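Being a predicted model, the structure only gives us computed values, none of them experimental.
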Amino acid sequence: MSSSDSPSLVFVLNGPNLNLLGSREPDIYGAATLADVERLCASACTRHGWTLDFRQSNHEGDLVDAIHEAGRAHAAGRLVGVVLNAGAYTHTSVALLDAIKGTSIPLVELHISNVFAREAFRHHSYISPAARAVMCGWGVQGYAMAIDGMASWQPA
């Protein structure tokens, strides 16, 4: 599906506490671990001939730096897109919003749970205004769905 001059890199960025997947509130987030999610994402990228760059950080600045790196890949024509599960930073981080807007990266905001069925503070996202798409409530399968959805962003 991809050619040598087509974008071929997908970043999947995970924010705070996602390293606890599999043990943190399994009734909300399920039993899959972050390693399981990485394998799911790698498989989805392979289907499209893309390379995966998968990261997790509990530190906001690390995520901002990763978005800047994705922005450089985008400017060089190598980036398909970014899947960002910013965790709690979704609801607090103007810095992530500014990084996304500043780099113009094509981005999917992702949530494992349906944030709209949870506490009211989770209903607001600083990320959504800069996202090309938003996914929530599909469990960890949402990651693969987001990556598959990026195929529609590619020119025929």
Side-chain angles (χ1 to χ4, degrees), residues 1-2 4 6-26 28-93 95-115 125-128 130-154:
M1 179 163 197
S2 69
S4 61
S6 295
S8 63
L9 178 63
V10 173
F11 274 62
V12 176
L13 305 176
N14 295 280
N17 300 310
L18 286 156
N19 56 304
L20 300 176
L21 280 179
S23 62
R24 175 187 176 214
E25 300 179 273
I28 295 173
Y29 299 107
T33 66
L34 194 60
D36 295 330
V37 172
E38 184 172 6
R39 283 189 290 277
L40 185 71
C41 291
S43 178
C45 283
T46 297
R47 279 195 296 277
H48 300 284
W50 299 334
T51 302
L52 174 66
D53 188 326
F54 189 93
R55 304 179 193 189
Q56 186 276 328
S57 180
N58 293 317
H59 305 282
E60 185 178 29
D62 290 346
L63 295 169
V64 169
D65 288 344
I67 290 168
H68 291 178
E69 186 177 337
R72 289 188 294 275
H74 180 59
R78 295 183 291 117
L79 184 75
V80 175
V82 175
V83 176
L84 173 63
N85 184 343
Y89 290 140
T90 301
H91 320 293
T92 64
S93 183
L96 287 174
L97 170 66
D98 287 347
I100 296 161
K101 288 171 61 176
T103 58
S104 301
I105 55 173
L107 182 132
V108 177
E109 174 186 344
L110 183 131
H111 305 281
I112 294 168
S113 68
N114 178 355
V115 293
S125 167
Y126 280 98
I127 308 299
S128 293
R132 189 150 177 195
V134 179
M135 294 194 68
C136 70
W138 291 98
V140 298
Q141 189 59 39
Y143 284 88
M145 294 166 69
I147 292 167
D148 288 340
M150 287 180 184
S152 70
W153 299 352
Q154 301 306 300

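- With sequence neighbours excluded, the residues forming a salt bridge (Lys or Arg N to Asp or Glu O under 4.0 Å) with D36 are R39, listed by chain and number.
- Rounded to the nearest 0.5 Å, atoms CG (L97) and CD1 (I127) are 6.5 Å apart.
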Distance-only criterion, 3.5 Å: show the donor-acceptor pairs between side-chain atoms of residues 100-109 and protein atoms not counting sequence neighbours.
residue: T103; atom: OG1; partner: A99; partner atom: O; Å: 2.9
residue: T103; atom: OG1; partner: I100; partner atom: O; Å: 3.2
residue: E109; atom: OE1; partner: S125; partner atom: OG; Å: 3.1
residue: E109; atom: OE1; partner: S128; partner atom: N; Å: 2.9
residue: E109; atom: OE1; partner: S128; partner atom: OG; Å: 2.6
residue: E109; atom: OE2; partner: H111; partner atom: NE2; Å: 2.6
residue: E109; atom: OE2; partner: S125; partner atom: OG; Å: 3.0

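- Atom-to-atom distance recorded for R24:CZ and L18:CG is 7.0 Å, nearest 0.5 angstrom.
- Summarising the geometry of L63 relative to S57, their closest heavy-atom pair is CD1-O, 4.1 Å, with the distance given to 0.1 Å.
- Pairs of residues two or more places apart, or lying in two chains, never qualify as salt bridge (Lys or Arg N to Asp or Glu O under 4.0 Å) while including a residue from residues 83-93.
- With values rounded to the nearest 0.5 angstrom, L96 atom CG is found 6.5 Å from L84 atom CG.
- Rounded to the nearest 0.5 angstrom, L9 CG and D53 CG are separated by 6.0 Å.
- Remark: L52 CG to T46 OG1 distance equals 8.5 Å, nearest 0.5 Å.
- Looking at every heavy atom in both residues, S152 comes nearest to G149 through OG-O, 2.7 Å.
- L79 places none of its side-chain heavy atoms less than 4.5 Å from the side chain of P7.
- Checked against side-chain hydrogen bond (donor to acceptor under 3.5 Å, both in side chains), N58 has the following partners two or more places apart in sequence or in another chain: Q56.
- Under the side chain to side chain contact (heavy atoms under 4.5 Å, CB included) criterion, A95 pairs with E60, V64, S93, not counting sequence neighbours.
- For the atom pair L34 CG and S23 OG, the distance stands at 11.0 Å (nearest 0.5 Å).
- In this structure, G81 and W153 approach most closely via the heavy-atom pair CA-CZ3, 4.3 Å.
- Contact record, P16 with A88: CG-N, 4.2 Å, taken as the closest heavy-atom pair.
- Between S8 and G49, the shortest heavy-atom contact is CB-O, 4.4 Å.
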Listing, residues 130-148 side-chain donor-acceptor contacts under 3.5 Å, not counting sequence neighbours, or none:
residue: Y143; atom: OH; partner: N14; partner atom: OD1; Å: 2.6
residue: Y143; atom: OH; partner: N85; partner atom: ND2; Å: 3.1
residue: D148; atom: OD1; partner: R47; partner atom: NE; Å: 3.4
residue: D148; atom: OD1; partner: R47; partner atom: NH2; Å: 3.1
residue: D148; atom: OD1; partner: H48; partner atom: NE2; Å: 2.8
residue: D148; atom: OD2; partner: R47; partner atom: NH2; Å: 3.0

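- The stretch residues 62-76 participates, sequence neighbours left out, in these salt bridge (Lys or Arg N to Asp or Glu O under 4.0 Å) pairs: R55-E69.
- With sequence neighbours left out, Y126 forms a ring-ring contact (aromatic ring centres under 6.0 Å, His included) with H124.
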